[in-house]
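Okay, so here's the structure we're looking at.
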Amino acid sequence: MFIEELANYVGKDVTIHGWAHNKRSSGKIRFLIVRDGTGFLQTVFSEKDVSSEAFALADRLSQESSLEVTGTVRQDKRAPGGYELIAKDLKLIQAANDYPITPKEHGIEFLMEHRHLWLRSRRQHAILRIRSEVIKACRDFFDDRGFVLVDAPIFTPAACEGTTTLFEVDYFGQKTYLTQSGQLYNEPAAAAFGKVYCFGPTFRAEKSKTRRHLTEFWMLEPEVAFLDLAGAMALAEDLICYLIDRVLNERIEELKILDRDITKLENVKKPFPGISYDEALTILKEKGKQIEWGDDFGGDEETVLSQSFDRPVLIHHFPTQCKAFYMKRDPKNEKLALGVDMLAPEGHGEIIGGGQREDDLAALEKRIEEYKLPKQALEWYLDLRRYGSFIHSGFGLGIERTVAWICHVPHLRETIPFPRLLEKVYP
RNA sequence: UCCAGCGUAGCUCAAUGGUGGAGCAUCCGGCUGUUAACCGGAGGGUUGUAGGUUCGAGUCCUACCGCUGGAGCCA
């Protein structure tokens, strides 16, 4: 029996297993707030209804002690949540001594050291339930559209994305790296199945010490055969609308706990504004940003751009030097890559990066040379351009950044159960 | 790696270079509907570490360690 089901049991006797969240007492009546992971329940102890042992225990129970409580469910306006339990019996399972996270405020350093316990708090609970819902919605979106889940490996043989820092792993004496992206493996999967996606953790050994970077984060990456850049942008737009719709329908309570301005999410409707890199530069210059053609956007520029629109904005046709070697060039302008980024509004920045892939063997070989990449390690990838090459596009959605935006929490560390940050791998 | 700020009770924070305090948590007591309940009482300190200046350092100086924010970096 879980607290979330209690509305169906008014007038009935139930037993709940959970943890002591808080207590209040007033002489002959005591209130114990019980938490069981599905909700919070006010249990009411009157001296006349319970044994003296249970009555004393209700007063003595320390925060987060595990317990079993039995009683009658009652609807009562005075109870938080509208329902309470008139207790008949209380059993202690294990007494918690000096639980570190008290009902008052704590600093971020202390909370991060106690992340394993911090997960029990209301706010973390709300964020991680939304994360769970977002991931489920991602899976549903693609499954319902006939995509096949084809997972990419975590160990990868070579640095496939140039200068980016990778985590090196000793693989029985051979150097391997933790994956930065399932992208390259998605392409053969798309050739095999037409519409595919992968979803898993990715790793970046960047020494980035900012609120929008994790060294380990989860990425959802669809890849579609015979889809061009415009098609990938439309797919990304549909996906985001679907995710927002799902969270608004299924996780409204959690959004309220987080004090999220719901109207900001309700704005997220098609069509999203789409601007070229050149148009983005114009906006940035109007807002006083000094940026040269060919520069990639930093955190500052992303913030300015994302605050210029009331819904996510798609930015496309980037200078080639901003994008990876496998991005297809614009046939009308060799200096541009057919890439697209989606920036979330309210200053949350990039949540999607993707585009159309280079499908011409000679062009790709030339690019590999220019980027000074190990060609031999990429021969398998080049095979896709030798055996029935095809136009194809895809993108990667960062789960944590998406959850941060939906919840409007400033730092990614709260959007993943156990964040891995620069020099922070405990607990 | 660089820049800035901060390290004081279990936690969050005070304390003009002159006897280190409060709230919460803990323990004891009170209160018959509490809403981060409230009221009374008690215990709790090598002020991050090591040096230095000074009659006197939590406070000023130096180094180191740790944390936080930012920059660079970054599909």
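To find a chain, count down the sequence lines: A is the first, B the second, and so on, and within it residues start at 1. Since the model is a prediction, treat every value here as computed from it, not as a measurement.
A cation-pi arrangement is present between A/R122 and A/F40 under the rule of less than 6.0 angstrom and at most 45 degrees off the ring axis. Both cation-pi conditions hold for A/R30 and A/F55: the charged atom is under 6.0 angstrom from the six-membered ring centre and inside a 45 degree cone around its axis.
Using a 4.0 Å heavy-atom distance criterion, A/H411 is classed as a sugar-phosphate-only contact. Here A/G107 lies in heavy-atom contact (under 4.0 Å) with sugar-phosphate atoms only. Using a 4.0 Å heavy-atom cutoff across all strands shown, A/K323 reaches no nucleic acid atom at all. In this structure, A/P100 reaches neither bases nor backbone, as no heavy-atom distance under 4.0 Å exists between it and the strands shown. Within the 4.0 angstrom heavy-atom criterion, base atoms lie near A/D76. Residue A/E84 is in base contact, counting any heavy-atom pair closer than 4.0 Å across all strands shown. A/S25 comes within contact range of at least one nucleobase, with a heavy-atom separation under 4.0 Å.
In this structure, the CG atom of A/L422 is 13 Å from the C1' atom of B/rU68, given to the nearest Å. Distance CD (A/E113) to C1' (B/rU68): 13 Å, rounded to an integer number of Å. The separation between A/D98 atom CG and B/rA9 atom C1' is 13 Å, rounded to whole Å. For A/D49 and B/rG33, the CG to P distance is 14 Å, given to the nearest whole Å. Following rounding to the nearest Å, A/R24 (CZ) and B/rU32 (P) show an atom-to-atom distance of 17 Å. A/L214 places its CG atom 13 Å from the C1' atom of B/rC74, with the value rounded to the nearest Å. The distance from atom CD of A/Q180 to atom P of B/rC74 is 11 Å, rounded to the nearest whole Å. Atom C1' of nucleotide B/rC74 and atom CD of A/E400 are separated by 16 Å, given to the nearest angstrom.
Checking B/rU47 for Watson-Crick or G-U wobble geometry (two distances, each under 3.5 Å) identifies no partner in any strand. With a cut-off of 3.5 Å on both pairing distances, the Watson-Crick or G-U wobble partner of B/rC67 is B/rG5. In this structure B/rG23 sits in a base pair with B/rC11, meeting the Watson-Crick or G-U test at under 3.5 Å. Base pairing analysis places B/rA37 opposite nothing; no Watson-Crick or G-U wobble pair with both distances below 3.5 Å involves it. Nucleotide B/rC74 has no partner under the Watson-Crick or G-U criteria, as no pair reaches both atom distances under 3.5 Å.
Side-chain atoms of A/R74 and base atoms of B/rG33 include a donor and an acceptor less than 3.5 Å apart. Applying the 3.5 Å distance criterion, the base of B/rU34 shares a donor-acceptor pair with the side chain of A/Q42.
The aromatic rings of A/F325 and A/Y381 sit perpendicular to each other, their planes meeting at more than 60°, with 30° as the lower class boundary. Note: A/H116 and A/H114 have parallel aromatic rings, judged against thresholds of 30 and 60 degrees for the angle between ring planes. The aromatic rings of A/F199 and A/W218 lie tilted to each other, with the angle between the two planes from 30° to 60°.
The same atom, P, is picked in B/rA14 and in B/rG72; the two are 31 Å apart, to the nearest Å. B/rU59 and B/rG17 have their C1' atoms separated by 7 Å, with the value rounded to a whole Å. Using atom C1' as the reference point in both B/rC39 and B/rC55, the two lie 47 Å apart (nearest Å). Comparing the C1' positions of B/rU8 and B/rG58 gives an interatomic distance of 6 Å, to the nearest angstrom.
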The test is side chain to side chain donor-acceptor pair (under 3.5 Å); show your working for A/D13 and A/T72 and say whether it passes. CA-CA 4 Å; A/D13 282 8; A/T72 311; 2.7 Å; yes
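Within the structure, every side-chain polar atom (N or O) of A/N97 is placed at least 4.0 Å from both OP1 and OP2 of B/rA25. Between A/R413 and B/rG69, a side-chain N or O to OP1/OP2 separation shorter than 4.0 Å is present.
Listed nucleotides B/rU32, B/rC67, B/rC74 differ in distance to A/E109; the shortest reach to its side chain belongs to B/rC67. With B/rC74, B/rG33, B/rG69 as the candidates, the nucleotide lying closest to the side chain of A/R211 is B/rG69. Closest to the A/I29 side chain, of the nucleotides B/rA25, B/rU32, B/rC74, is B/rU32. Side chain of A/E206, nearest nucleotide from B/rC73, B/rU34, B/rA36: B/rC73. Listed nucleotides: B/rU34, B/rA71, B/rC24. Nearest to the side chain of A/T102: B/rC24. The A/F110 side chain lies nearest to B/rC11 when the options are B/rU68, B/rC11, B/rA37.
Sequence order on RNA chain B of the closest nucleotides to A/N22 and A/H106 puts A/H106 first from the 5' end.
In this structure, the side chain of A/T43 does not engage the main chain of A/L85 through any donor-acceptor pair within 3.5 Å.
A/H411 and A/T415 are not linked by any side-chain donor-acceptor pair at a separation below 3.5 angstrom, with hydrogens and angles left out of the test.
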